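This structure is a prediction, so every number in the text was calculated from the model and none was measured.
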Amino acid sequence: MFLTMKYRLSPSRAKLRRLTELVDDQRLLYNAALEERIDCYRKTGKSLTYFDQTKALTECRRELPEMSGIPGQLQRGTLC
């Protein structure tokens, strides 16, 4: 048996826009990480690990200021 809870969100328009942007950013990050793993496997026959991708994410966060606006822990969770 599973216990679930539902929460209704009633964000303002500005917060809803920010949440939508956050979800879109995370979707793009997930798809890019997946594409990177697939390309690496096709080219080398080896798969990238979570730790390899978190290192690359850290470098991207240093170089791209728009990526550092999202908490790193949230982004690392998307890579799992």
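- Linking Ile, Leu, Val, Met, Phe, Trp and Tyr whenever their side-chain heavy atoms come within less than 4.5 Å leaves Leu64 and Leu22 in two separate clusters.
- Linking ILVMFWY side-chain heavy atoms closer than 4.5 Å, directly or via other members, places Tyr41 and Tyr50 in two distinct hydrophobic clusters.
- If you take CG on Leu29 and CG on Leu34, they are separated by 11.0 Å, rounding to the nearest 0.5 Å.
- Residues Glu21 and Arg18 are paired through a salt bridge, judged by an N-O separation under 4.0 Å between the basic side chain and the carboxylate.
- Placement of Phe51 and Leu57 within a single hydrophobic cluster is found when ILVMFWY residues are connected by side-chain heavy-atom separations under 4.5 Å, directly or transitively.
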Practice task
Would you please test Thr58 and Lys55 for side chain to side chain contact (heavy atoms under 4.5 Å, CB included) and show each step?
Solution key: CA-CA 5 Å; Thr58 302; Lys55 279 189 208 176; 5.7 Å; no
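- Between Leu48 atom CG and Thr54 atom OG1 the span is 10.5 Å, to the nearest 0.5 Å.
- The line from OG1 of Thr20 to CG of Leu16 is 4.5 Å long, rounded to the nearest 0.5 Å.
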Identify all side-chain donor-acceptor contacts of residues 72-80 below 3.5 Å with residues at least two apart in sequence or on another chain.
residue : atom : partner : partner atom : Å
Gln75   : OE1  : Arg61   : NH1          : 2.7
Gln75   : NE2  : Met67   : O            : 3.2
Thr78   : OG1  : Gln26   : NE2          : 2.3
Thr78   : OG1  : Leu74   : O            : 3.1

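- In this structure a side-chain-to-backbone donor-acceptor pair under 3.5 Å is missing from Asn31 to Leu28.
- If you take NZ on Lys46 and CG on Asp52, they are separated by 11.0 Å, rounding to the nearest 0.5 Å.
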